[in-house]
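Heads up, the thing below is written out as C-alpha cells.
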Amino acid sequence: MAADDLSAPLLRGVAARAKTGRSGRGVGILTLLLAVLVGVAVWLIAWPLLRHNSLAGEPIVTVSLKKSSADTAGDPSDGALAMRESLSADKDEAELAPTSNSVVTITIHRGIAVDHEAPTEAGPVWREAPAAAPVQTPIRQLAKAPDPGLIEAGAHGAMPRIGKDGRRPAQAYARPVDAPQATGGKNSQRIAILVTGLGISAESTDESIRRLAEPVSFAFAPYGKDLQRWVDRARSRGHEVALQLPMEPFDYPDSDPGPHTMLANASPAENIEQLRWLLARMTGYFAITNYMGAKFTASPRALSPVLDEAARRGLAFIDDGSSPRSAATFVADSLGLPAVTGDVVIDAGQSDESIEAALQKLEALARERGQAFGVATALPSTIAAIARWADGLGARGIVLVPVSALMSKPSPSY
C-alpha cells in the first residue's frame, strides 16, 4: 500500500478511486456507439452499390422476352403482350410490338422499364403494329357530269338537253341497275328511297352522302351553296341526283318555297322562265321533282307547259306524293314523260316511332305489289333511321333500288 494511501484521510481516498472508475466506463460506451453508427453508415452506402440497383428495396419484376422465329406476321408473343400490359399502367403501349428475334431482359419498376440487358442481336426496336384494313365493297361511281353532248347554253347557264345521238339525261345520269335489281328478282321485292332537301345544310348533306346506301337517290334544292360540288360528291359515291323545283302551295305566300317559285296563275312563259333559271343551277341530274307545290301540281293547265319543257330536255319527273290532289302522273303520261309518284312520305311524323312505322309500311307495300317508293327529308333523325333500316334489307327479301329503276318508260315522241 502506498504511503499516500496510508496517510490520506479515509473518505478522500475512496472519492478519488470512484472518480477514476466512472471516467473509464464513459470512454468505453462512447467508443461502442461510434462503432455502431459507422457500421450502419457503411451498410447504407454499400448495400445499393452491391445490388447494382439505384432503386433497391422497391418492388421489381424482371421479364425475358423472345420473339419467335416462326412469327413471321409480326404479331407480339404472349410474353410481349404481358409486358405491354404492364407498361400500360403508366404509358399506353398497347400498339407496340418488338421486331427483334433476340432475348431482351427488361426490369419493370412500378410499371416502368428502368433497366435492361443488351440483346444478343440488334436492341429492341419498337414499331406500331399495322391495323387490319377494313373490307369494303367497291363504290359504283357515276360518270362525271356534265356530259358535253347533253348540255346547251342558256341565258342563266348550262341546261340539260337530248343529245344529237338521242341520248337523254334521264338515262345518262341515272344510276345503272343490274338485271336482278331491275326486275326485283324471282323472290325479291323492290323499294326506292328519295331523300330531299339536300344542299341547304352542309352537315345534313354530308351525313346523307356518308351514311346512306348507294341506291338511295338524292334531290337537291336549287338554293344551296357550292351546289355542284355537293352533286359531284354524291354522284362519286354512287347516288343518282334529282333537282327540286319550288312550286306554289295552297297557302302561298304564308308558306313560301323560295325565289323563282312557279305559280299556278302565272303565264306559261313566266313559269318556263322560272324553270330555265332553276335548271341552270347544277348539272348531272336525271329528273326534276316538286318542292311543296300542292296548288301548282293540282292544276294541269299550269303544270303541262313545265312538264312538256322537261320532256323536251330528256328529263324525268318525280312526284313526291305529298299531295293527294296532284295531277302530275296524268300530265306526265300524256306527254310521254318518264314519271313516278311516291307511295309513302317517310317522315311526315318526326318521331322515331312514326318513321319506323312508315318504313315498315313501305316493306308491306313492296311485298303486296312488288315495289314501293318512299320520300323523306334530309333530317338527322330520318337519315339515321333509313341507314339502320337498310341494313339487312336483302336478308328480308327486299332489294333497294334507285328511283330511276321504278320509272315508266318514255314515249318516243321526243
Side-chain angles (χ1 to χ4, degrees), residues 137 139-140 142 170 173-198 207-219 234-235 237-242 244 285-287 289-290 316-322 324 326 328-329 338-379 381-409:
T137 303
I139 295 172
R140 175 180 285 184
L142 305 188
Y173 295 140
R175 175 183 168 87
V177 294
D178 300 328
Q181 290 181 317
T183 62
K186 183 178 179 180
N187 299 313
S188 295
Q189 291 79 36
R190 301 183 301 165
I191 290 180
I193 300 289
L194 179 70
V195 175
T196 66
L198 294 167
E207 188 80 356
S208 298
I209 294 172
R210 287 190 302 104
R211 294 194 61 182
L212 295 179
E214 294 174 37
V216 175
S217 304
F218 290 162
R235 288 178 52 80
R237 298 287 297 181
H239 300 279
E240 68 182 13
V241 168
Q244 286 185 278
Y285 51 92
F286 80 100
T289 183
N290 61 294
F317 182 75
I318 302 170
D319 186 327
D320 68 7
S322 59
S326 175
T329 300
V340 65
T341 300
D343 297 309
V344 177
V345 179
I346 294 171
D347 51 0
Q350 294 298 306
S351 69
D352 291 343
E353 293 76 14
S354 65
I355 293 173
E356 182 65 27
L359 291 170
Q360 294 303 318
K361 182 179 180 181
L362 266 182
E363 288 194 34
L365 285 173
R367 291 190 174 93
E368 177 185 341
R369 304 185 318 196
Q371 67 182 42
F373 172 30
V375 181
T377 51
L379 298 172
S381 58
T382 304
I383 295 168
I386 293 175
R388 290 193 304 268
W389 167 82
D391 280 345
L393 195 60
R396 301 197 295 272
I398 295 177
V399 178
L400 190 62
V401 298
V403 176
S404 58
L406 305 186
M407 289 282 182
S408 60
K409 300 299 182 182

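All heavy atoms count here, side chains included; hydrogens, waters and symmetry mates do not. We number each residue from 1, following the sequence as shown.
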Counting C-beta onward and ignoring hydrogens, is there a side-chain heavy-atom pair between [X] and [Y] closer than 4.5 Å?
| X | Y | result |
| --- | --- | --- |
| Tyr173 | Val241 | no |
| Trp389 | Ile191 | yes |
| Leu198 | Ser208 | yes |
| Val344 | Val375 | no |
| Leu142 | Pro176 | yes |
| Phe373 | Leu362 | no |

Step-by-step side chain to side chain contact (heavy atoms under 4.5 Å, CB included) determination, Asp352 to Ser381
CA-CA 7 Å; Asp352 291 343; Ser381 58; 4.2 Å; yes

Under a 3.5 Å distance rule, please check whether [X] uses its side chain to pair with a backbone N or O of [Y] as donor and acceptor.
| X | Y | result |
| --- | --- | --- |
| Arg140 | Arg237 | no |
| Asp347 | Ile355 | no |
| His239 | Ala234 | no |

Which atom of [X] lies closest to which atom of [Y], heavy atoms considered:
| X | Y | value |
| --- | --- | --- |
| Ala372 | Leu406 | O-CD1, 3.8 Å |
| Ala170 | Ala316 | CB-N, 4.0 Å |
| Ile386 | Ala376 | CD1-CB, 4.0 Å |
| Ser404 | Phe286 | CB-CE1, 3.7 Å |
| Met407 | Phe317 | CE-O, 3.8 Å |
| Leu212 | Ala387 | CD2-N, 3.9 Å |

Residues which pass ring-ring contact (aromatic ring centres under 6.0 Å, His included) with Tyr285, listed by chain and number, not counting sequence neighbours:
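So Tyr285 forms no ring-ring contact (aromatic ring centres under 6.0 Å, His included) with any residue.
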
Going from CG on Leu359 to CG on Leu393, what distance comes out if it is rounded to the nearest 0.5 angstrom?
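Leu359 CG to Leu393 CG: 9.5 Å, rounded to 0.5 Å.
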
Spacing of CG belonging to Asp391 relative to CZ belonging to Arg396, to within rounding of 0.5 Å
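These two atoms lie 9.0 Å from each other.
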
Check step by step if side chain to side chain contact (heavy atoms under 4.5 Å, CB included) holds for Thr377 and Val345.
CA-CA 9 Å; Thr377 51; Val345 179; over 6 Å; no

Applying salt bridge (charged side-chain N to carboxylate O under 4.0 Å, His left out), run through Lys361 and Asp343 and close with a yes or a no.
CA-CA 10 Å; Lys361 182 179 180 181; Asp343 297 309; over 6 Å; no

Are Glu240 and Ser217 close enough that a side-chain donor and a side-chain acceptor fall under 3.5 Å?
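Yes, because at least one side-chain N or O of Glu240 sits under 3.5 Å from a partner of the opposite role on Ser217.
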
All salt bridge (Lys or Arg N to Asp or Glu O under 4.0 Å) counterparts of Asp319, not counting sequence neighbours
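Asp319 satisfies salt bridge (Lys or Arg N to Asp or Glu O under 4.0 Å) with no residue once adjacent residues are dropped.
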
Does Arg367 have any salt bridge (Lys or Arg N to Asp or Glu O under 4.0 Å) partners at least two apart in sequence or in another chain, and if so, which?
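Arg367: salt bridge (Lys or Arg N to Asp or Glu O under 4.0 Å) contacts with Glu363.
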
Consider side chain to side chain contact (heavy atoms under 4.5 Å, CB included). Of Gln371, Arg175, Arg190, which one does Val401 pass it with?
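Testing each of Gln371, Arg175, Arg190 against Val401, the sole residue satisfying side chain to side chain contact (heavy atoms under 4.5 Å, CB included) is Arg190.
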
Go through the steps for Ile193 and Ile346 under the test side chain to side chain contact (heavy atoms under 4.5 Å, CB included), then give the verdict.
CA-CA 9 Å; Ile193 300 289; Ile346 294 171; 3.5 Å; yes

Option among Asn290, Thr289, Thr196 that satisfies the side chain to side chain donor-acceptor pair (under 3.5 Å) test with Asp320
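The option that passes is Asn290.
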
